[in-house]
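Inspection log for the structure reproduced underneath, given as structure tokens.
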Amino acid sequence: MEFLSSIYKKNFINKDVIVITPVSYLSKLVKNKYNKNIIDNTSNYIFMLKSYTKVKDKLTKYMDIKDLSFINDLISTYSFYKENKLNDNDKIRALKLIYDEYEKLLNDNNFITKYQLYELSLNIIDDIKYQNIYFDNITKLNMYEINFINKLKAYKNVYLYANTINNLSLIKDLNKITDTKYTVTTNNDVNHLFDINIENLFSNTKIVSCNDLYEEVKYVSNEIRKDINNGLNFKDILVISSDTNRYENYFKLLFNFPYREKNKTGALTKNFLNIFSKIIKGDFSSSTFISLIKLGLLNIDDKSINELDNYVYMWSLEDTPFYQEFKFNPSGKRDFLEYDYKKLNKLNDIKFSIINPIRYFISNIVGVDNTSEILKNFFIYMDEEGIASKLYLKDNDGYNNLIDLLEKINDCIKECDINTIFEIIYNNFKICEKEVKLIDEVNILNLKDYRSGDYKKVYFIGVTEKSIFTKYKY
């Protein structure tokens with residue numbers, strides 16, 4: 001089974017052709033020409049927050065927003081605002097004030113959005129050294145991309161591979177590109193979808209219909225077993241899908257052989273941040289502190305963690321403030337045993353060893369709006385309590401993500417309170433998937449991530465008429 005990128009490689013090797021991700025390629029040219037960088041997601045969030053904060057006193061709408069998830073709404077709405085002519089009203093005028101300030105802030109810091117990238121790229125067509133340009137896996141186009149393609153095709157040979165089946169909006173966008181020539185599949189029967197432009201792109205293909213996801217993975221698992229018995233190595237086999245996440249649980253259930261797995265990274269760090277944020281906001285309940293302790297990031301041994309946990313739940317102290325001293329027979333619901341007397345002082349000592357550093361941290365940042373000062377005290381707390389080193393060892397990617405976020409917050413915002421800082425972190429911290437690679441394993445990829453490879457057998461699971469591309473030529 002062949003995919004578009006391998007077809008390009010086979011048909012156009014040593015010719016003047018490049019298969020590009022437009023944003024990544026054009027951003028390099030714009031960087032060289034204008035010294036402008038595409039803004040990253042975290043900086044984008046921070047700049048939008050700063051823009052809103054600066055103009056909110058001038059707004060007649062959206063001036064009393066408390067939930068910072070509104071910033072994500074502003075980011076999402078920005079594309080619609082830029083691509084459409086909107087009727088004038090209080091909401092649109094408010095958005096204009098916010099977005100004008102946002103664009104000014106971007107410009108002052110040499111950042112650009114994706115839309116500005118295409119606008120600037122209109123002036124650097126001559127810097128694109130390739131004559132034949134292929135755009136792969138097109139699913140939608142905005143007006144900036146359309147304008148860029150319309151100018152680009154006047155100078156270059158441009159090809160788009162676009163999934164237009166059941167996608168009327170994309171067809172409408174493609175028709176905005178002048179002198180359109182395209183070939184489409186004759187019908188939606190999956191057995192005929194491999195014939196694109198009268199070329200059989202998928203040779204030696206067997207199509208199997210299954211009842212559900214479980215049956216699909218079961219079939220592929222049995223076939224892979226046969227492949228191995230017939231002399232293939234696991235690394236000779238690729239399983240590909242439009243969305244491998246749908247099949248992840250079935251892979252774990254049915255693939256009893258080595259395959260490329262993805263482990264989630266960042267979960268431990270995010271759990272710590274969420275729990276610590278609750279404490280900073282005033283949740284001092286014993287259940288919240290027990291959740292913090294059980295992450296295993298504090299300088300407390302497992303035996304002591306279990307004793308604290310057992311004491312709180314045995315005496316139903318979940319809602320009791322954790323800073324209150326543990327006492328004899330605290331609830332009066334059951335007898336206090338001799339064993340409890342012996343460990344009570346020890347538990348109180350451990351409890352206050354947890355509480356006191358947090359109390360000290362809070363006392364240093366109450367009423368402070370200096371971002372650098374707050375972040376410095378937060379890192380000192382994490383460092384002295386051993387949290388930073390444990391996150392580094394147990395969740396290295398999550399720890400590095402946190403440090404990057406803290407550095408960007410420090411660079412972009414001079415004045416900010418602790419709660420806003422944690423809101424920014426919460427809205428920008430990502431739990432990522434990290435592949436664990438073995439020497440000999442079945443590879444599993446999403447279709448959009450496939451480039452080329454020396455696989456002897458490929459299984460495409462979940463194939464539908466939407467999985468195959470239609471070619472447009474300009």
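- A distance of 11.5 Å separates CD1 in Ile92 from CG in Leu97, rounded to the nearest 0.5 Å.
- Within the 4.5 Å cutoff, the side chain of Met48 has heavy atoms near those of the Ile98 side chain.
- Enclosure of atom CZ in Phe70 by more than 12 non-hydrogen atoms of other residues, nucleotides or ligands within 6.0 angstrom is indicated.
- Note: Phe272 and Phe429 fail the aromatic proximity criterion, with ring centroids not under 6.0 Å apart.
- Taking the six-membered ring where the residue is Trp, the centroids of Tyr81 and Tyr102 are separated by 6.0 Å or more.
- For the pair Ile358 and Leu292, the minimum side-chain heavy-atom distance is below 4.5 Å.
- Between Asp411 and Lys408 there is no salt bridge, since no side-chain nitrogen of the basic residue lies less than 4.0 Å from a carboxylate oxygen of the acidic one.
- Taking both residues in full, the closest heavy atoms of Phe326 and Leu344 are given as CB-CD1, 3.5 Å, listed atom of the first, atom of the second, then distance.
- Under 4.0 Å is where a charged nitrogen must lie from a carboxylate oxygen, and between Lys82 and Glu119 no such pair does.
- Between Ile387 and Leu298, some side-chain heavy-atom pair lies under the 4.5 Å cut-off.
- A salt bridge links Glu223 to Lys226: one of the charged nitrogens lies within less than 4.0 Å of a carboxylate oxygen.
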Given Asp349 and Lys346, is the salt bridge (charged side-chain N to carboxylate O under 4.0 Å, His left out) satisfied, shown in steps?
CA-CA 5 Å; Asp349 288 342; Lys346 174 188 173 184; over 6 Å; no
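- In this structure, Tyr360 places its OH atom where only 12 or fewer heavy-atom neighbours from other residues, nucleotides or ligands lie under 6.0 Å away.
- Interatomic distance, CG of Leu254 versus OH of Tyr259, reported as 9.5 Å (0.5 Å rounding).
- No donor-acceptor distance shorter than 3.5 angstrom exists from the side chain of Lys61 to the backbone of Arg93, with no hydrogens or angles considered.
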So Tyr115 and Glu83, side-chain contact (heavy atoms from CB on, under 4.5 Å) or not? Walk me through it.
CA-CA 9 Å; Tyr115 307 102; Glu83 293 179 36; 3.4 Å; yes
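- With rounding to the nearest 0.5 angstrom, the CG atom of Asp309 is 12.0 Å from the OG atom of Ser304.
- Checked by atom type and distance alone, the side chain of Asn377 never pairs as donor or acceptor with a backbone atom of Phe361 at under 3.5 Å.
- Other residues, nucleotides and ligands place more than 12 heavy atoms under 6.0 Å from the NZ atom of Lys394.
- Here the side chain of Asn44 pairs no donor or acceptor atom with the backbone of Ile39 at under 3.5 angstrom.
- For the side-chain hydrogen bond (donor to acceptor under 3.5 Å, both in side chains) with Thr288, the lone residue among Ser285, Ser286, Ser291 that qualifies is Ser285.
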Could you give me the CA-CA distance, side-chain angles and deciding distance for Asp173 and Met143, then say whether side-chain contact (heavy atoms from CB on, under 4.5 Å) is met?
CA-CA 8 Å; Asp173 289 337; Met143 64 180 232; over 6 Å; no
For the pair Phe422 and Phe378, evaluate ring-ring contact (aromatic ring centres under 6.0 Å, His included) and give the outcome as yes or no after the intermediate values.
CA-CA 11 Å; Phe422 271 91; Phe378 179 54; 5.4 Å; yes
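- Counting all heavy atoms, side chain and backbone alike, Ile374 lies closest to Asp369 at CD1-CA, 4.4 Å.
- Under a cut-off of 6.0 angstrom, the local environment of OH in Tyr392 is sparse, with at most 12 non-hydrogen atoms contributed by other residues, nucleotides or ligands.
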Are Tyr118 and Asn147 close enough, and set up right, to give a side-chain contact (heavy atoms from CB on, under 4.5 Å), and what steps lead you there?
CA-CA 8 Å; Tyr118 283 107; Asn147 291 340; over 6 Å; no
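- Around atom NZ of Lys31, more than 12 heavy atoms belonging to other residues, nucleotides or ligands sit under 6.0 Å away.
- Using modelled atom types, one side-chain atom of Glu145 and one backbone atom of Asn142 make a donor-acceptor pair closer than 3.5 Å.
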So Asp100 and Lys104, salt bridge (charged side-chain N to carboxylate O under 4.0 Å, His left out) or not? Walk me through it.
CA-CA 6 Å; Asp100 284 352; Lys104 179 179 180 299; over 6 Å; no
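- Here the CD1-CG distance, from Ile421 to Leu273, works out to 12.0 Å after rounding to the nearest 0.5 Å.
- No side-chain heavy atom of Leu95 sits less than 4.5 Å from a side-chain heavy atom of Leu86.
- Counting only distance, with no hydrogens or angles, the side chain of Asp383 and the backbone of Phe379 share no donor-acceptor pair below 3.5 Å.
- Taking a 6.0 Å sphere around NZ of Lys281, one finds it holds more than 12 heavy atoms contributed by other residues, nucleotides or ligands.
- What you find for Ile38 and Ser27 is that their closest heavy atoms are CG1-CB, 3.8 Å.
- Between Tyr459 and Ile224, the closest side-chain pair of non-hydrogen atoms falls below 4.5 Å.
- No hydrogens or angles considered: nothing links the side chains of Asn233 and Lys456 as a donor-acceptor pair under 3.5 Å.
- Judged by a 6.0 Å distance limit and a 45° cone about the ring axis, Lys270 is positioned over the six-membered ring of Tyr426.
- The side-chain heavy atoms of Val239 and Tyr247, taken from C-beta on, include no pair separated by under 4.5 Å.
- Not a single donor-acceptor pair under 3.5 Å links the side chain of Asn109 to the backbone N or O of Phe111.
- Looking only at distances, a side-chain donor or acceptor of Thr371 sits under 3.5 Å from a matching main-chain atom of Lys414.
- Note on Lys56 versus Glu101: no salt bridge recorded, every NZ/NE/NH1/NH2 to OD/OE distance being 4.0 Å or above.
- In this structure, Arg225 and Asn256 have side chains that are in contact, with non-hydrogen atoms separated by less than 4.5 Å.
- Within a 6.0 Å radius of CG in Asn249, no more than 12 heavy atoms belonging to other residues, nucleotides or ligands are found.
- To the nearest 0.5 Å, the span separating CD on Glu385 from CD1 on Ile300 amounts to 9.0 Å.
- The two residues Leu308 and Ile293 make their nearest non-hydrogen contact at CD1-CD1, 4.0 Å.
- Within a 6.0 Å sphere centred on CD1 of Ile439, heavy atoms belonging to other residues, nucleotides or ligands number 12 at most.
- With hydrogens and angles disregarded, a donor-acceptor distance shorter than 3.5 Å links the side chain of Asp440 to the backbone of Lys235.
- If you look at Phe289 and Phe322, their ring centroids are closer than 6.0 Å.
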Donor-acceptor pairs under 3.5 angstrom involving side-chain atoms of residues 398-405: please list them, not counting sequence neighbours.
| unit_1 | atom_1 | unit_2 | atom_2 | d |
| --- | --- | --- | --- | --- |
| Asn400 | ND2 | Asn396 | O | 3.2 |
| Asn400 | ND2 | Asn396 | OD1 | 3.0 |
| Asn401 | ND2 | Lys430 | O | 3.3 |

Stepwise side-chain contact (heavy atoms from CB on, under 4.5 Å) test for Lys91 and Tyr62
CA-CA 8 Å; Lys91 291 182 179 180; Tyr62 312 124; 3.5 Å; yes
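- With a 4.5 Å cut-off on side-chain heavy atoms, Tyr99 and Thr77 count as touching.
- In this structure, the side chain of Ser221 does not engage the main chain of Lys218 through any donor-acceptor pair within 3.5 Å.
- Rounded to the nearest 0.5 angstrom, Leu393 CG and Leu297 CG are separated by 10.5 Å.
- Remark: the backbone N or O of Thr420 is paired with a side-chain donor or acceptor of Asp417 at under 3.5 angstrom.
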